[in-house]
Amino acid sequence: MHEYTSTARVWGLSCPGFPEEVSRARRWTRDILRDSPLAEDAELIVSELSANAILHTASGRECGSFHLAVAVSAQVVAVSVTDDGGTATAPKVEHQDQDAEHGRGLGMVSAIAHRVVVHDSDQGHTVTAELYADALWGGHRC
């Protein structure tokens, strides 16, 4: 194989910023990853990141939207959610009390994923969570 050839496949979905779109994003992710042992974790991550986009950013406002990307290779499944911005701060992991009702979603995502990266731009924030396939067969989390 040529060194610049990738075997990764990437899918994208844009959703209006309505709460019911979270379940659509979850189903879409499940359909793409139906044969992957990482499907359940990816589906949960998509649910959390999509809900966060709607609840905490301009994505949940009138005419708002969020954008989902799923990239799959033999080594990794990466899910990214991009919001419409509109907040003064970027998403971040907060360590909340176990009884807290809010603020635990991104912490849960970082506990499930092997790596979580937040990218900021003038248009919004993108949160990418990576799940490594080799961790299923005795690999180590980085």
Side-chain angles (χ1 to χ4, degrees), residues 1-61 63-87 89-142:
M1 175 165 54
H2 190 273
E3 69 179 290
Y4 297 110
T5 302
S6 172
T7 58
R9 296 196 60 198
V10 180
W11 291 263
L13 177 69
S14 292
C15 298
F18 303 126
E20 57 270 18
E21 292 296 311
V22 173
S23 63
R24 177 177 164 220
R26 206 171 40 241
R27 282 191 311 273
W28 181 79
T29 302
R30 185 178 342 132
D31 287 347
I32 290 169
L33 299 173
R34 71 179 143 264
D35 296 327
S36 171
L38 300 172
E40 286 183 21
D41 287 345
E43 185 180 345
L44 179 59
I45 289 168
V46 163
S47 184
E48 281 298 322
L49 296 181
S50 300
N52 283 351
I54 292 169
L55 290 171
H56 302 297
T57 74
S59 293
R61 296 181 191 154
C63 298
S65 62
F66 65 94
H67 311 280
L68 173 61
V70 176
V72 179
S73 74
Q75 297 81 24
V76 66
V77 169
V79 295
S80 299
V81 174
T82 301
D83 63 42
D84 283 346
T87 60
T89 60
K92 65 179 185 272
V93 176
E94 295 180 6
H95 300 285
Q96 297 288 339
D97 184 288
Q98 277 186 314
D99 298 327
E101 293 182 21
H102 301 287
R104 295 173 34 186
L106 200 51
M108 183 179 65
V109 168
S110 68
I112 295 169
H114 297 93
R115 181 173 172 220
V116 177
V117 179
V118 178
H119 293 278
D120 300 323
S121 73
D122 293 337
Q123 293 77 35
H125 311 97
T126 300
V127 180
T128 301
E130 297 175 353
L131 299 164
Y132 301 150
D134 66 347
L136 295 174
W137 297 288
H140 300 284
R141 289 185 181 219
C142 298

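Just so it is clear, the model here is predicted, and its values are computed rather than measured. Below, all heavy atoms of this structure are taken into account, side chains as well, without hydrogens, waters or symmetry copies.
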**Student:** Can you give me the closest heavy-atom contact between Ser80 and Thr126, atom names plus distance?
**Tutor:** CB-CG2, 4.0 Å
**Student:** So which atom in Phe18 and which in Ile54 form the shortest heavy-atom distance, rounded to 0.1 Å?
**Tutor:**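 Answer, listing the atom of Phe18 first, then Ile54: O-CD1, 3.3 Å.
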**Student:** Under the 3.5 angstrom rule, does the side chain of Ser47 hit a backbone N or O of Glu43 as a donor-acceptor pair?
**Tutor:** no
**Student:** Looking only at heavy atoms, what is the nearest atom pair of His67 and Ser14, with distance?
**Tutor:** ND1-OG, 2.7 Å
**Student:** Return the minimal non-hydrogen interatomic distance between Phe66 and Ala25, and the atom names on each side.
**Tutor:** CE1-CB, 4.2 Å
**Student:** Using 0.5 Å steps for rounding, measure from the CD atom of Glu21 to the OG atom of Ser65.
**Tutor:** 10.0 Å
**Student:** CZ of Arg30 to CZ of Arg26: how many Å apart, nearest 0.5 Å?
**Tutor:**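 The CZ atom of Arg26 is 7.0 Å from CZ of Arg30, to the nearest 0.5 Å.
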**Student:** Determine the minimum heavy-atom distance between Gly86 and Ala58, stating which atoms define it.
**Tutor:** CA-CB, 4.3 Å
**Student:** If only atom types and distance count, is the side chain of Asp83 paired as donor or acceptor with the main-chain N or O of His125 below 3.5 Å?
**Tutor:** yes
**Student:** Heavy atoms only: give me the nearest Ile112-Leu131 pair and the separation to one decimal.
**Tutor:** O-CD2, 3.7 Å
**Student:** Verify side chain to side chain contact (heavy atoms under 4.5 Å, CB included) between Val81 and Val127, making sure each step is shown before the conclusion.
**Tutor:** CA-CA 5 Å; Val81 174; Val127 180; 5.5 Å; no
**Student:** I want to check something: taking the side chain as every heavy atom from C-beta on, are Pro16 and Arg24 in contact at a cut-off of under 4.5 Å?
**Tutor:**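 Yes, their side chains come closer than 4.5 Å.
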**Student:** Which of these passes side-chain contact (heavy atoms from CB on, under 4.5 Å) with Leu33: Val77, Asp41, Leu38, Val46?
**Tutor:**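 It is Val77; the other options fail the test.
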**Student:** Under the side chain to side chain contact (heavy atoms under 4.5 Å, CB included) rule, what do Leu44 and Met108 come out as? Steps first, then yes or no, please.
**Tutor:** CA-CA 9 Å; Leu44 179 59; Met108 183 179 65; 4.1 Å; yes
**Student:** Verify, without hydrogens or angle tests, whether Ser59 (side chain) and Asp84 (backbone) share a donor-acceptor contact under 3.5 angstrom.
**Tutor:**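 Present.
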**Student:** Applying side-chain contact (heavy atoms from CB on, under 4.5 Å) between Leu49 and each of Val109, Thr82, Leu68, report the one that passes.
**Tutor:**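 Single pass found, and it is Val109.
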**Student:** Out of curiosity, Ser23 OG to Trp28 CH2, how far, rounded to the nearest 0.5 Å?
**Tutor:** 14.5 Å
